[in-house]
Amino acid sequence: MKTEIVNQSSSYINGQWSATDEKIILQNPANLSTNIKEIYFASPQNAKKSILSADDAFTKWKSTSIDYRISLLKDLMSSLKKNKKSLSQLITLENGKTIKESTGEVDAAILEGNYQIEFLMHNLYESIENNKLYYEPLGVALLITPWNFPLSTVIRKMIPALICGNTIVLKPSEFSSLTSIFLFELIDNISLPNGVANLVLGEGSIVGPSLMESSALKIVSFTGSTDTGELIQNEIGSNDIRYQAEMGGSNALVIWDDAEIEKAVEATVASGMACAGQWCTGISKLVIHENIYDNVMRSLIKAVKNINVGDGSFTTTDMGPLNNLPQLNKMKNYVERAVEQGAEVIIGGESIKSDNKDGYFFSPTLLSNVNDRMEIASEEIFGPIINIFKTKDIESAISFSNLGKYGLSFSIYTADNKIAETFIKEIDASLCHVNLPTPYRDVAMPFSGWKQSGKGIPESGRFARDAFTKPKVVYSDNS
Ligand code: NAD
């Protein structure tokens, strides 16, 4: 039962591991007959206590020097690097993504954390002529994160929040408790003062309201689905709590008739099927110019057929299972509804076994005959399903790409810069790509969303400082 990778199994509050009575058994999504570990979810009382501990620790922590905070967080980044292999294995075990994808996530988290350390070291104070501008911490920050990038979405928020002088409570997804426990074991080892960083495990609907009821809470930084983001915003209501959110996406990739087909198909598979389609900047919509439609489809079907679905811990696996049962049920439901509405399953569309093992495996799926009246054209799919739309005019390609309430990522494949410019100008998305797959790429840039994909100041790139601080200007007559 016990995984060798983590020793602890509970929340971490005020420097103590705090078990409760509520025990949960975690399963391996690639092999449902294997239980990974028993862990304890926090009670609402634990949740309240975590905010109070963070509040108690705030006054002292904000008065520490930036050099001190940076030296501690540099130690944390070094221990992430030192433990990269175990951490990647743990992410694969708990999340299902392939070991290559997990290792990529750990690398990306280290890169992002180190960027914030370097940037904030020099940018929490400015002097403009005689006037001084200080970026002051807000207080207690509640960080709520999803399961699909269980380490990088946490590091993205945690490092800038702490360096800026805030104290934190992390509420990770109930589906990524182990990765968070691992991270907090490393935090425990770097001797961060008690209460500065707290971990609350559990379901959002159970611990969420208790976490948000205290007036000590000054900011909620959320990453997750748009529905939950809206719920949390309602929960905060008119309380004086800053709110910033990174939410869902329904992203498109367009292949125009002058595109390099092999390169575009490779990007389609990478953008649509990486992490079994469970990443916010992955694509669920593919727009193909009718002049090259047959050629693209031939090459795409071949590439998708070659995807080896299986246990992510095997190096021969290209695509792991979905993370959890609701995810698997959602995919079956999307395909069923799309077919009812006239879409055609070209390949995939069903749950499968791998090596005869029951896991949350779903076959990589291509759906054609999709049009702008179908629900799947505007919803977030968040799985290995690509909806294909054939067109020959730019207007309908743009309007199909912009369908729905999301505005996160987009890519256009074309050899013509003018066509690329026309698309980029009209697309409602914050991350736009030309002849490139659709992920977040540059740690100095904001990772944010337009429309209902994002809210408030992004907590990433050079914007992180503004998300986690308030400015104080000092005008002085003293020289
Ligand atoms: P989710 O919305 O179900 O859960 C996100 C977090 O919110 C979890 O920790 C969950 O426990 C918590 N939560 C749920 N209800 C809550 C409540 N009432 N109060 C407080 N917390 C609550 O999302 P998920 O399934 O974990 O993750 C997938 C989603 O995340 C997708 O929509 C994806 O697009 C999005 N995502 C966005 C980005 C981005 O940067 N834009 C990055 C990664 C994932």
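Both backbone and side-chain heavy atoms feed into the values below; hydrogens, waters and symmetry mates do not. Counting convention: from 1, in listed order, for ligands and their atoms alike. Count residues from 1 along the sequence.
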Write out the residue and atom name of the closest protein heavy atom to atom 19 (N) of ligand 1, then the distance separating them to 0.1 Å. Gly204 O, 3.4 Å
So, Asp107 and Lys84, do they make that salt bridge, N to O below 4.0 Å? yes
Counting both backbone and side chain atoms, is some N or O of Met247 under 3.5 Å from an N or O of ligand 1? yes
With the threshold set at under 4.0 angstrom, would you say Pro172 reaches ligand 1 through any of its heavy atoms? yes
For atom 43 (C) of ligand 1, which protein heavy atom lies nearest, and how many Å away is it? Asn148 OD1, 3.3 Å
For atom 24 (P) of ligand 1, the closest protein heavy atom turns out to be Trp147 NE1, 3.5 Å
Side-chain donor-acceptor pair present, Thr98, Thr317, cut-off under 3.5 Å: no
Can you confirm whether the side chains of Lys330 and Gln327 place a donor and an acceptor under 3.5 Å from each other? yes
Is it true that, when you exclude Gln16 itself, more than 12 heavy atoms of the residues, nucleotides or ligands shown sit nearer than 6.0 Å to its CD? no
Any nitrogen or oxygen of Thr223, main chain or side chain, under 3.5 Å from a nitrogen or oxygen of ligand 1? no
Let's go through Phe447 and Trp279 carefully: what are the C-alpha distance in whole Å and the side-chain angles of both, what is the deciding distance for ring pair (Phe, Tyr, Trp, His ring centres under 6.0 Å) to 0.1 Å, and is it a yes or a no? CA-CA 13 Å; Phe447 186 162; Trp279 55 315; 9.6 Å; no
Protein heavy atom at shortest distance from atom 12 (C) of ligand 1: Ile144 CG2, 3.6 Å
Within a distance under 4.0 Å of any heavy atom of Phe382, pick out the atoms of ligand 1 and give their elements. 28 (C), 31 (C), 33 (C), 34 (O)
Does a salt bridge link Lys48 with Asp55, judged by any charged N lying under 4.0 Å from a carboxylate O? no
Should the heavy atoms of other residues, nucleotides or ligands under 6.0 Å from NZ of Lys85 be counted, would the total exceed 12? no
Given Glu235, Lys171, Glu246, Gln327, which one has a non-hydrogen atom that is nearest to atom 11 (O) of ligand 1? Lys171
Quick one about Thr179 and Glu94 (side-chain donor to acceptor, distance below 3.5 Å, no hydrogens or angles considered), yes or no? yes
Determine whether any heavy atom of Met212 lies closer than 4.0 Å to an atom of ligand 1. yes
At less than 4.0 angstrom from any non-hydrogen atom of Gly208, what atoms of ligand 1 do you find? 19 (N), 20 (C)
Does Asp21, at its CG atom, have more than 12 non-hydrogen atoms belonging to other residues, nucleotides or ligands within less than 6.0 Å? no
Give me the residue, atom name and distance of the protein heavy atom closest to atom 32 (O) of ligand 1. Glu380 OE1, 2.6 Å
Quick check on contacts: which atoms of ligand 1 are under 4.0 angstrom from a heavy atom of Ile232? 19 (N), 20 (C), 21 (N)
Which bit of Thr281 gets closer than 4.0 Å to ligand 1, counting heavy atoms only: side chain, backbone, both or neither? neither
Atoms in ligand 1 with a heavy atom of Phe447 nearer than 4.0 Å: 40 (O)
Among all residues two or more places apart in sequence or in another chain, which pass the side chain to side chain donor-acceptor pair (under 3.5 Å) test with Thr228? Ser225
Decide if atom NZ of Lys353 counts as having more than 12 heavy atoms of other residues, nucleotides or ligands within a radius under 6.0 Å. yes
Pairs in or reaching into residues 445-457: which pass side-chain hydrogen bond (donor to acceptor under 3.5 Å, both in side chains), with residues at least two apart or in two chains? Glu230-Gln452
Show which atoms of ligand 1 fall inside a sub-4.0 Å distance from at least one heavy-atom site of Ser173. 8 (C), 9 (O)
Cut-off 3.5 Å, side chains only: do Lys157 and Thr223 have a donor facing an acceptor? yes
Heavy atom under 4.0 Å from ligand 1: found in Asp227's side chain, backbone, both, or neither? neither
Quick check on contacts: which atoms of ligand 1 are under 4.0 angstrom from a heavy atom of Thr228? 1 (P), 2 (O), 3 (O), 7 (O), 13 (N), 14 (C), 15 (N), 16 (C), 22 (C)
So which heavy atom in the protein is nearest atom 35 (C) of ligand 1, and how far is it from that ligand atom? Gly224 O, 3.3 Å
Note: ligand 1 atoms sitting under 4.0 Å from heavy atoms of Thr145 are 6 (C), 8 (C), 9 (O)
Considering only non-hydrogen protein atoms, determine which one is nearest to atom 23 (O) of ligand 1 and report residue, atom name and distance to 0.1 Å. Ser225 N, 3.5 Å
Determine, using heavy atoms of Trp279 and all atoms of ligand 1, whether some pair is separated by less than 4.0 Å. no
Numbering as shown, the atoms of ligand 1 that approach Glu174 to under 4.0 Å (heavy-atom distance): 10 (C), 11 (O)
I'd like to know if Lys97 and Glu105 make a salt bridge, using a cut-off of under 4.0 Å between side-chain N and carboxylate O. yes
Among all protein heavy atoms, pick the one closest to atom 42 (C) of ligand 1 and tell me residue, atom and distance. Cys280 SG, 3.1 Å
When rounded to the nearest 0.5 Å, the distance separating OG1 of Thr145 from CG of Leu170 is 4.5 Å
Could you tell me whether Tyr440 approaches ligand 1 through its side chain, its backbone, both or neither, with non-hydrogen atoms closer than 4.0 Å? neither
